[in-house]
2 protein chains.
Amino acid sequence: MTVTLADVAARAQVSPATVSRVLNGNYPVAASTRERVLKAVDELDYVLNGPASALAAATSDLVGILVNDIADPFFGIMASAIQNEIGGPGGRAGGERLAVVCNTGGSPERELTYLTLLQRQRAAAVVLTGGAIENPAHLNAVGHKLRKLAEAGTRVVLCGRPPTPEAIAITFDNRGGGQLLTEHLIGLGHRRLGYIAGPEERTTTRHRLEGHRAALAAAGIEDDARRTVYGRYDRLSGYEATLELLRRDPTLTAVVAANDTVALGACAALRDSGLRIPDDVSVAGFDDLPFSIDAVPALTTVRLPLTEAGARAGRIAMGREEAPHGGIATVRGELMVRGSTGAPRAE
Amino acid sequence: MTVTLADVAARAQVSPATVSRVLNGNYPVAASTRERVLKAVDELDYVLNGPASALAAATSDLVGILVNDIADPFFGIMASAIQNEIGGPGGRAGGERLAVVCNTGGSPERELTYLTLLQRQRAAAVVLTGGAIENPAHLNAVGHKLRKLAEAGTRVVLCGRPPTPEAIAITFDNRGGGQLLTEHLIGLGHRRLGYIAGPEERTTTRHRLEGHRAALAAAGIEDDARRTVYGRYDRLSGYEATLELLRRDPTLTAVVAANDTVALGACAALRDSGLRIPDDVSVAGFDDLPFSIDAVPALTTVRLPLTEAGARAGRIAMGREEAPHGGIATVRGELMVRGSTGAPRAE
DNA sequence: CACTAGATAGAAAGCGCTTGCTGTCACGCT
DNA sequence: AGCGTGACAGCAAGCGCTTTCTATCTAGTG
């Protein structure tokens, strides 16, 4: 029914071995023979059987990219950059690899299961993006899996994720970025800052918050726990958290959000509460996603070089760039001061 | 080196066949035996060899999702919805399938290569999302591939893509949406409307533009070709196109954009040109992506039920929902009138 | 001109799993 | 007591490809 290597071989009057060699091109085959084979392949519309090939060769051309939320451009941009370097069809790289992105939805189980599935497929490489979940049991399980994958020859790279002993990592300096942002706000004269954090058990959340607190501490500002609200990394969360923050302290002069999307929600909540940005309340985001500049006023935020980091991770995953020294590269964010932050209103 | 089925069998003192059956759970195995096997699997940390399994069973659990641009939330949202239904680990569905998204970047070659790669992997299903490229040769090649895939037992579903004879399709009524938008603008009194289209050879571009023109024609407004500019589906394109439109006719009172992202760029260009929205110029987008409501003023646009459509496509791909009658379901967009459109300034 | 090295092609042994078919028991029925 | 009948378990034949090793042939070489 389906065309096999043997069919092609028969048609081209050569042995299956020869066809295989023509297709893989790593063994001398006379030009005339090659041509005959290629012709047969074409005529028969033959397509290699991936599983069979992977089984026999004990390798596969699958590369997995794990993301927390595929609907979030933060991940989309990174995934796109990674995939570009992985090669994928027509990518910058040569070999044809199937770069696939797997959406964990931020769920530990899904993350683990995808890792197993990738292991099962004998993936050539795996790139994990974004913050990790800080649960000892889960961390352990993931570490174990990564080790197994590495042992099996799968290259494992982390991108925008805190380093672990098991893999090469391109890490974002979320802590430094958070600090930059809050320092900026404090420099403008703010003293009562609300903070909208992400999900509590994420490393990204913790690091950004730590940076924020470090800046507060450095300025001798008391860190009132009531000024921090945890939520999700989405717009609605930002909206609700802002309302809550305002309820707890209507005299806030600035709101720092977990990321740009959350910041957008915060802006909406402030506007709906009749407050002007930045005259009444300043707002800051994080990531500098494309739409941030289109907010009105444009969002002050920390730009993360998502594309560059992704590209680098992709190249390392393909073995086309050597790993950074010590296996860890830390990428800093750049403070982008725009219209959404300003001096607090005089009291 | 790596643990195989046979190792597990030896350890559990059963035959490989039994282990296989325990793992696949589609054959009666005594509880005590099952337990013994499971224990061995656990102790040995055994992971099934995907390729081998796929080869022997002649099926795979891979499901491909093709998107034009993974960094664009339009696709991210659909992909997320599809993947959710596909099951993926922990998804709503039962079986563990590897739902993978492939980023074509809008390139015909990449689209084709991914399709081949998926065919090579004997994918269980393939979902193609977003507009197609209107190039006869390419259309033909894709059609051919889809037919082959279907013949091989791969379920093929289109989502947000024009129907073809080869597949089941959930299609967006881009034409109707475009018409709605322009009718709305005309209803407000606009007569000189600029149109920023997407890439010329995309079906989405053409359909939305046709809707726009149909509305103009219905209102007896001459369709000046100089009022249409083609570009890409990104922000910068919207910015530049708007400047160009303004250059060609500074008296424009409205700009209709190919999608929300482009609309954002258009807004930026208008603002930078010292024009107010909607007082001087109205702006309309398309898709109603999450950030559209956060633009200031909020974007008037056509909401496309991306999540619902994706979910449905996913279910159909999994065979958990029957195909729509005739194999085609058309989904309409809903006009969302918001602040970015208003009556034109009096002349 | 005999001989060897280099270039190609083929034979065949798996890769690790699934599954149709063939046992082997232990029951429960007549 | 004899036997049909499930319920399990194992055998063994592949699935379609890669690759090692071997065979063959041609072209140099002294």
Side-chain angles (χ1 to χ4, degrees), chain A residues 1-38 40-41 44-62 95 116-117 119-124 152-153, chain B residues 1-38 40-41 44-62 95-96 117 119-124 152-153:
Chain A
M1 221 214 64
T2 45
V3 184
T4 72
L5 235 211
D7 299 331
V8 176
R11 173 140 201 155
Q13 315 225 57
V14 296
S15 73
T18 302
V19 178
S20 171
R21 299 204 258 247
V22 168
L23 263 25
N24 292 301
N26 45 16
Y27 191 88
V29 173
S32 65
T33 312
R34 155 177 291 106
E35 226 168 89
R36 209 143 30 89
V37 170
L38 257 19
V41 166
L44 259 32
D45 216 353
Y46 171 69
V47 174
L48 193 67
N49 182 318
S53 161
L55 172 59
T59 62
S60 108
D61 49 8
L62 207 70
T116 303
L117 247 28
Q119 180 184 6
R120 183 175 294 185
Q121 301 299 327
R122 305 299 187 250
Chain B
M1 221 215 62
T2 47
V3 184
T4 72
L5 235 211
D7 299 331
V8 176
R11 172 141 201 154
Q13 317 226 57
V14 297
S15 73
T18 302
V19 177
S20 171
R21 299 205 257 248
V22 167
L23 263 25
N24 291 301
N26 46 17
Y27 192 87
V29 174
S32 66
T33 312
R34 154 176 291 106
E35 227 167 89
R36 212 145 27 93
V37 170
L38 257 19
V41 166
L44 260 34
D45 217 351
Y46 171 69
V47 175
L48 193 67
N49 182 317
S53 160
L55 172 58
T59 63
S60 108
D61 48 10
L62 206 70
E96 278 181 10
L117 248 27
Q119 179 184 6
R120 180 175 295 185
Q121 300 299 326
R122 306 299 189 251

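Residue numbers start from 1 in every chain, and the chains themselves are labelled A, B, ... in the order their sequence lines are given, proteins ahead of strands.
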Quick one: does A/Arg36's side chain have a donor or acceptor within less than 3.5 Å of a partner on A/Ala12's backbone? yes
B/Val29, B/Val19, B/Val8 screened by side chain to side chain contact (heavy atoms under 4.5 Å, CB included) with B/Val14, the one that passes: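 So the option named by the test is B/Val19.
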Gap between atoms CG and P, on B/Asn26 and D/dC8 respectively (whole Å): 14 Å
With side-chain contact (heavy atoms from CB on, under 4.5 Å) as the test, would you mind laying out the steps for B/Tyr46 and B/Leu5 before giving the verdict? CA-CA 8 Å; B/Tyr46 171 69; B/Leu5 235 211; 3.7 Å; yes
Could you walk me through whether A/Val22 and A/Leu38 pass the side-chain contact (heavy atoms from CB on, under 4.5 Å) check? CA-CA 8 Å; A/Val22 168; A/Leu38 257 19; 3.6 Å; yes
Note, [X] side chain near [Y] side chain (heavy atom, < 4.5 Å):
X       : Y       : answer
B/Val41 : B/Leu23 : yes
B/Asn49 : B/Thr4  : no
A/Asp45 : A/Val3  : no

Global bending angle along the helix from C/dC1-D/dG30 to C/dT30-D/dA1, which compares the axes of five pairs at either end, to 10 degrees: 40°
How far apart are the C-alpha atoms of B/Asp61 and A/Gln121, what are their side-chain angles, what is the distance that settles it, and do they pass the side-chain contact (heavy atoms from CB on, under 4.5 Å) test? CA-CA 10 Å; B/Asp61 48 10; A/Gln121 301 299 327; 3.8 Å; yes
Reading 5' to 3' through nucleotides 5-18 of chain C, protein heavy-atom contacts under 4.0 Å coded B for base, S for sugar-phosphate only, - for none: ---SBBB--BBBBB
